[in-house]
Amino acid sequence: MNFIEELRWRGMLHDIMPGTEEQLNKQMTAGYIGFDPTADSLHVGHLTQIMTLIHFQRAGHKPVALVGGATGMVGDPSGKSAERNLLSEEILSHHVQCLEAQLKKFLDFDCGANSALMVNNYDWFKEFNFLDFIRDVGKHITVNYMMAKDSVRKRLEGEAGMSFTEFSYQLVQGYDFYYLWKERNCQVQMGGSDQWGNIVTGTELIRRKGGASAFAITTQLIKKADGTKFGKTESGAIWLDPAKTSPYKFYQFWINTSDDDAQSWIRIFTLKSKEEIEALEQEHALAPHLRILQKALANEITVRVHSKEALQMAIKTSDFLFGNGSLEFLKSLSDTEILDVFDGVPQFKIAKAELIVGIHATDLLAEKAGVFTSKGEARKMIQGGGVSINKEKLSDANQIFDVNQLINDQYLVVQKGKKNYFLLIIV
RNA sequence: GGGGGGAUUCCAGAGCGGUCAAAUGGGACGGACUGUAAAUCCGUUACUUCGGUUUCGAAGGUUCGAAUCCUUCUCCCCCCA
């Protein structure tokens with residue numbers, strides 16, 4: 001199966017420039033995707049692009065991951081209704097380093113001819129002066145052409161307006177494509193469907209300035225069946241950096257996908273074959289409560305992004321927190337294991353002296369620990385039957401806690417509702 | 001520069017002198033149900049030592065009593081130049 005067919009059956013393909021498939025079938029081709037360093041980590045939204053590059057390489061082509069040290073300085077107006085704030089050079093270069101380290105994990109950089117390549121467009125832009133740029137690049141593209149782009153037109157029609165900086169973005173990205181085409185024989189640019197306009201400016205530049213054709217493929221934007229935005233939770237984005245989103249939370253994100261979404265996402269975010277996926281779907285349909293699809297999805301992505309070990313820990317943690325989590329299990333763990341299980345769970349430190357004299361549940365949860373913002377809230381929640389300590393539901397808001405209730409002589413496990421855990425560490 | 005309208009609890013939005021901690025809807029959170037799902041139903045959504053206490057852009061004032069009336073200030077929106 002070729003690359004395009006692969007994307008197509010997985011439901012990833014959005015748009016493709018005529019001639020692209022022929023080029024890919026003809027010979028090994030280099031193709032790139034750009035990642036702008038807007039943060040110090042990639043998030044799950046970037047995974048589609050990462051998977052696209054992985055498929056590209058598996059199909060025998062040469063994937064190029066571009067980190068936008070230069071484009072990040074300008075700011076992509078696509079999909080943005082207002083001008084963005086510029087990031088400083090130091091912050092950007094830090095972001096670039098973080099992204100490069102993350103991207104390295106996903107591709108094979110040492111497999112001969114189609115080894116992956118990592119580039120940073122800052123390398124060819126830092127020496128490019130303004131006059132040269134507007135003469136060598138700007139001359140080939142008309143303002144009329146640039147203004148017709150969706151990303152520009154929407155901003156011109158709106159109230160917010162648009163700076164010259166962001167207006168120029170497509171030229172900067174376009175030149176990237178031209179540069180990679182010329183210097184690295186890179187003939188294809190890929191990206192999310194919102195990037196079509198920017199990519200086409202690149203192929204246009206290659207056509208006019210280089211007199212050759214280049215190709216473009218865009219992928220579907222990931223949508224959730226319920227219409228909410230993919231990759232965001234109440235607590236923010238799901239990052240690939242384990243320091244920003246713990247592997248446990250990352251795993252949970254995928255476990256919690258709806259059945260509808262799981263069906264489409266397992267095609268996009270795993271490398272499982274059509275047969276494997278269809279078998280899983282049948283299995284899932286027979287016993288939907290086992291959530292076979294979600295587990296298969298979560299397992300594979302967690303291993304790809306983090307590691308086998310991280311997955312094991314995430315599963316163990318999930319089993320405890322949601323499944324047959326018993327106090328005995330927790331008591332059987334060492335201090336470090338407990339801290340591992342509760343990694344990523346809010347933790348509060350409390351002075352042992354408070355426990356020695358004994359403390360009311362409401363004082364403990366609202367004043368000493370930030371589980372609740374006020375004692376009234378704590379009291380109401382306890383009366384509503386929504387609070388457990390050490391896996392036991394609290395029935396009385398005035399219940400006294402002392403050192404006898406501690407696990408391993410220093411922990412109390414608090415649950416608000418079923419899902420929200422807090423670890424109180426008594427020191 | 002001139003004229004008009006507005007600022008209410010997480011959001012939207014009622015209230016226009018006492019019965020207002022403030023309708024209603026949304027969101028959030030909790031409970032039941034469940035698959036750590038969806039839908040549904042129920043509850044909570046200023047603080048409290050449960051006696052009360054502090055809220056309705058800010059500061060003053062009128063009144064027995066103000067989110068509601070008056071004055072000043074701050075901020076927002078609209079219209080005309």
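Quick note on labels: first sequence line is chain A, next is B, and so on, each numbered from 1.
Of the P atoms belonging to B:rG51 and B:rG61, the separation is 34 Å, rounded to the nearest Å. Distance noted for atom P between B:rC10 and B:rC47: 10 Å (whole Å). A distance of about 33 Å separates the P atoms of B:rG18 and B:rG3, rounded to the whole Å. Spacing of C1' atoms, B:rA66 relative to B:rA38, comes out at 48 Å, to the nearest Å. If you take atom C1' in B:rU53 and the same atom in B:rG57, they sit 23 Å apart, rounded to whole Å. Taking atom C1' on both B:rU62 and B:rU71, the two are 11 Å apart, rounded to the nearest angstrom. Using P as the reference atom, B:rC73 and B:rA12 are 27 Å apart when rounded to the nearest Å. Spacing of P atoms, B:rC76 relative to B:rU44, comes out at 39 Å, to the nearest Å.
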Apply side-chain hydrogen bond (donor to acceptor under 3.5 Å, both in side chains) to residues A:S41 and A:Q102 and explain how you reach the verdict. CA-CA 8 Å; A:S41 169; A:Q102 287 183 341; 3.0 Å; yes
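Of the nucleotides present, B:rG61 is the one that pairs with B:rC69 by Watson-Crick or G-U wobble criteria, both distances under 3.5 Å. Nucleotide B:rG43 is matched to B:rC29 when pairs are restricted to Watson-Crick or G-U wobble geometry with both distances under 3.5 angstrom. Across the strands present, B:rU49 finds no partner; the criterion is a Watson-Crick or G-U wobble pair with both atom distances under 3.5 angstrom. When both pairing distances are held under 3.5 Å, B:rA37 makes no Watson-Crick or G-U pair with any nucleotide shown. When Watson-Crick and G-U wobble pairs are counted only if both distances are under 3.5 Å, B:rG1 pairs with B:rC80.
Looking only at atom types and distance, the side chain of A:Q189 has no donor-acceptor partner in the side chain of A:Q195 under 3.5 Å away. In this structure, a donor-acceptor pair under 3.5 Å is present between the side chains of A:Q294 and A:D259.
In B:rG51 the base sits syn relative to the sugar, since the glycosidic angle is no further than 90° from 0.
Looking at the side chain of A:M381, the nearest of the listed nucleotides B:rU36, B:rA37, B:rC29 is B:rC29.
Within a 6.0 Å sphere centred on CD of A:E392, heavy atoms belonging to other residues, nucleotides or ligands number 12 at most. Within a 6.0 Å sphere centred on NZ of A:K105, heavy atoms belonging to other residues, nucleotides or ligands number more than 12.
The CG-C1' distance, from A:L293 to B:rU36, rounds to 16 Å in whole Å. Per the geometry, CZ belonging to A:F372 stands 16 Å off C1' belonging to B:rC47, to the nearest Å. Rounding to whole angstrom units, CD1 of residue A:I382 and C1' of B:rU44 are separated by 14 Å. Per the geometry, CD belonging to A:Q383 stands 21 Å off P belonging to B:rC42, to the nearest Å. Rounded to whole angstrom, the span from the OH atom of A:Y421 across to the P atom of B:rC29 amounts to 17 Å. Atom-to-atom, NZ of A:K380 to C1' of B:rG30 comes out at 13 Å; the value is rounded to the nearest Å. Atom-to-atom, CD of A:E283 to P of B:rG35 comes out at 18 Å; the value is rounded to the nearest Å. In this structure, A:W265 places its CH2 atom 13 Å from C1' of B:rA37, rounding to the nearest Å.
Distances shorter than 4.0 Å separate some side-chain N or O of A:K419 from OP1 or OP2 on B:rA37. At least one side-chain nitrogen or oxygen of A:S374 sits closer than 4.0 Å to the OP1 or OP2 atom of B:rC47. Phosphate contact (OP1/OP2 of B:rG30, side-chain N/O of A:R379, threshold under 4.0 Å): absent. The side chain of A:N398 contributes no N or O atom lying less than 4.0 Å from OP1 or OP2 of B:rU49. At the phosphate of B:rA37, neither OP1 nor OP2 sits under 4.0 Å from any side-chain N or O atom of A:R291.
For A:F3 and A:H55, the ring centers are positioned 6.0 Å apart or more. Between A:F269 and A:F230, the gap from one ring centroid to the other is short of 6.0 Å.
Classified by interplanar angle (parallel below 30°, tilted 30° to 60°, perpendicular above 60°), the ring pair A:F125/A:F128 is parallel. Below 30°, between 30° and 60°, or above 60°: for A:F342 and A:Y421 the angle between ring planes is between 30° and 60°, a tilted geometry.
Heavy-atom nearest nucleotides on RNA chain B were determined for A:P288 and for A:N420, and the one closer to the 5' end corresponds to A:N420. Heavy-atom nearest nucleotides on RNA chain B were determined for A:E377 and for A:H284, and the one closer to the 5' end corresponds to A:H284.
Looking at heavy-atom distances under 4.0 Å, A:D260 makes no contact with the nucleic acid at all. Across all strands shown, A:Q252 has heavy atoms under 4.0 Å from base atoms, whether or not it also approaches the sugar-phosphate.
For the side chain to side chain donor-acceptor pair (under 3.5 Å) test, no residue two or more places apart in sequence or in another chain qualifies with A:T245.
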Under 3.5 Å, which protein N or O atoms sit close to an N or O of nucleotides 31-34 of chain B? Give each pair with its distance.
{"from": "B:rA32", "atom 1": "OP2", "to": "A:K418", "atom 2": "NZ", "distance (Å)": "3.2"}
{"from": "B:rU34", "atom 1": "O4", "to": "A:K418", "atom 2": "NZ", "distance (Å)": "3.1"}

